[in-house]
Number of protein chains: 2
Amino acid sequence: MATFLKNLNAISRGTTLFRDEKLKSFGLNGHQVKYLFAVCNSEGVSQDELANLLFVNKSNVARQMTALEEGGFIRREQSAEDKRVSKVFPTQKAKSLMPFIRSVNDEWRAILCAGLSEEECGQLSRLLEKLVENARQWEGKVDKNS
Amino acid sequence: MATFLKNLNAISRGTTLFRDEKLKSFGLNGHQVKYLFAVCNSEGVSQDELANLLFVNKSNVARQMTALEEGGFIRREQSAEDKRVSKVFPTQKAKSLMPFIRSVNDEWRAILCAGLSEEECGQLSRLLEKLVENARQWEGKVDKNS
DNA sequence: TTAAATTAGTTGCGAGCGCAACTAATTTAA
DNA sequence: TTAAATTAGTTGCGCTCGCAACTAATTTAA
């Protein structure tokens, strides 16, 4: 069990490091890629929805959106129906970068899953999905609202 | 793939949160448990070895050892053979706490793995182990010494 | 034997993170 | 209809983290 968490840390760290390496020349760090990727896959998403999608606190979304906006990767648009809501859109610059970001992700997955069969890879995804569901259910129960 | 990393974050966060909840009354937070657990399972380990075991930067080990020492959970002893090395030992206080820490870990694993069979749980551990190995190999290749 | 290279540990720095407190907009109830 | 509760987003705080630069001890080479 202790092993378990340690392992997740190692993989998370590696992922960020890999993305850092590949994307720093574009003015993005390994953490920001995660946010930008989500925005590009859900254009017009609200910051609150982003926080839920990415399992991070909404304060981090606010800060990263400011950074990405200053970097010219996204723009925010106040929702007409609900003026509290900021809808987030990728800029053309971000969209142009997406194929490359996808290739970086693919490359990293290939490195991570080297030596695993397709079945094992799928099995792993499925099992992790289940664990996340369990974790979220517990987190919901203790009601750290976020 | 994007999903993949997000999932790891959610599980990591849940683990820390759970440990925070259960152990704060003992003066330990969710992160420190990880370090203390490793020390208790490898009495006399060096800080450098701890960093490798836990996949964290050695600077964090130094800081957490200072905190754990101040909290009365560990003591450091300069190695006689190599005066650069600090050997780290758990105090009696820490040892007494270990059964409880183990039960917290077990409880969390039970929550995480609810709905999974023994075989699936084992399979998951095995697959993650492989991924970590792959990640470490890549991290070693880019030589971020740490 | 002495000088250079390596190693364990520490510290300053900047970054990400979660939480709590806040503002402003919206919804719910009285 | 107005007051209370909720919601989206922002900001201050304190924590952990990784990196780089540093000290002191040790090992390697000249």
Side-chain angles (χ1 to χ4, degrees), chain A residues 5-6 8-10 12-21 24 28-35 44-52 54-69 71 74 76-88 139 142-146, chain B residues 5-6 8-10 12-21 24 28-35 44-69 74 76-88 139 142-146:
Chain A
L5 207 230
K6 267 172 14 194
L8 301 191
N9 285 348
S12 271
R13 176 176 163 189
T15 306
T16 302
L17 204 59
F18 187 80
R19 290 174 168 172
D20 259 343
E21 278 282 300
K24 67 181 160 198
L28 282 172
N29 70 30
H31 291 102
Q32 292 168 337
V33 175
K34 175 172 73 174
Y35 293 88
V45 71
S46 75
Q47 296 188 188
D48 210 56
E49 288 164 339
L50 274 176
N52 285 323
L54 297 171
F55 304 112
V56 295
N57 192 277
K58 61 185 180 164
S59 61
N60 299 313
V61 175
R63 286 183 284 244
Q64 291 290 7
M65 290 308 109
T66 300
L68 287 173
E69 196 171 42
I74 61 119
R76 288 188 265 202
E77 189 180 291
Q78 192 181 46
S79 165
E81 306 91 60
D82 185 339
K83 286 189 220 161
R84 290 171 305 181
V85 173
S86 276
K87 298 170 80 173
V88 184
E139 287 180 51
V142 287
D143 188 47
K144 294 285 176 187
N145 58 334
S146 98
Chain B
L5 208 230
K6 267 172 13 197
L8 302 192
N9 286 348
S12 270
R13 177 177 162 189
T15 306
T16 302
L17 203 60
F18 188 80
R19 290 173 169 173
D20 258 342
E21 278 282 300
K24 67 181 160 196
L28 283 172
N29 71 30
H31 291 102
Q32 292 168 336
V33 174
K34 175 173 71 172
Y35 294 87
V45 72
S46 76
Q47 295 189 189
D48 210 56
E49 288 164 340
L50 274 175
N52 285 323
L53 280 172
L54 296 171
F55 305 111
V56 296
N57 191 279
K58 61 185 180 164
S59 60
N60 298 312
V61 176
R63 285 183 285 247
Q64 292 291 7
M65 289 309 108
T66 300
L68 288 173
E69 195 170 43
I74 61 120
R76 288 190 265 202
E77 188 180 291
Q78 193 181 46
S79 165
E81 306 89 60
D82 185 339
K83 284 190 218 160
R84 289 171 306 179
V85 174
S86 277
K87 299 170 80 174
V88 183
E139 288 181 51
V142 287
D143 188 46
K144 293 287 177 187
N145 58 333
S146 97

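Chain naming here is simple, since letters A, B, ... match the order of the sequence lines and numbering starts at 1 in each.
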Candidates C/dG9, D/dT10, D/dT16 - which lies nearest the side chain of B/N29 = D/dT16

Nucleotide of D/dA25, D/dT16, D/dT10 approaching B/K83 most closely (side-chain heavy atoms) = D/dA25

task = Evaluate side chain to side chain donor-acceptor pair (under 3.5 Å) for B/S46 paired with B/D48, printing each intermediate quantity in order.
result = CA-CA 5 Å; B/S46 76; B/D48 210 56; 5.7 Å; no

Checking only heavy atoms, does the side chain of [X] share a donor-acceptor pair with the base of [N] at less than 3.5 Å?
| X | N | value |
| --- | --- | --- |
| A/S59 | C/dC17 | no |
| B/R63 | C/dG12 | yes |
| A/R13 | C/dG16 | no |

key: Residue closer to the 5' end of DNA chain C, A/Q64 versus A/R84 (nearest nucleotide)   = A/Q64

key: 5' priority, DNA chain C, between B/D82 and A/H31 [closest heavy atom]   = B/D82

request  = Quick one: look up who D/dA30 pairs with, Watson-Crick or G-U, both distances under 3.5 Å, and put none if it's unpaired.
outcome  = C/dT1

message = Pairing check on D/dC22: which nucleotide meets the Watson-Crick or G-U wobble criteria with it, both distances under 3.5 Å?
response = C/dG9

What's [X] touching, base or sugar-phosphate or nothing? Going by heavy atoms closer than 4.0 Å.
| X | answer |
| --- | --- |
| A/N60 | base |
| A/S86 | sugar-phosphate |
| B/T66 | nothing |

Derivation of the side chain to side chain donor-acceptor pair (under 3.5 Å) call for A/T15 and A/R19 = CA-CA 6 Å; A/T15 306; A/R19 290 174 168 172; over 6 Å; no

request  = Test side chain to side chain contact (heavy atoms under 4.5 Å, CB included) on A/R63 and A/T66 and set out the steps.
outcome  = CA-CA 5 Å; A/R63 286 183 284 244; A/T66 300; 5.7 Å; no

Over how many whole Å does the gap from [X] atom [atom1] to [N] atom [atom2] extend?
| X | N | atom1 | atom2 | value |
| --- | --- | --- | --- | --- |
| A/N57 | C/dA21 | CG | P | 14 Å |
| A/Y35 | C/dG16 | OH | P | 9 Å |
| A/K24 | D/dC19 | NZ | P | 11 Å |
| A/D48 | C/dT23 | CG | C1' | 16 Å |
| B/L68 | D/dT16 | CG | C1' | 13 Å |
| B/R76 | C/dA8 | CZ | C1' | 12 Å |
| B/N52 | C/dG9 | CG | P | 11 Å |
| A/K58 | C/dA20 | NZ | P | 12 Å |

key: Distance-minimising heavy-atom pair for A/V56 and A/Y35   = CG2-OH, 3.8 Å

Heavy-atom closest pair, residues A/L28 and A/Q32 = CA-OE1, 3.5 Å

inquiry  = Is there a side-chain contact between A/Q47 and the phosphate of D/dT10, meaning an N or O under 4.0 Å from OP1 or OP2?
reply    = yes

request  = Determine: side-chain N/O of A/K34 to OP1/OP2 of C/dC17, distance under 4.0 Å, yes or no.
outcome  = yes

query = Out of A/K58, A/R76, A/K87, which residue meets the side chain to side chain donor-acceptor pair (under 3.5 Å) rule with A/Q47?
reply = A/R76

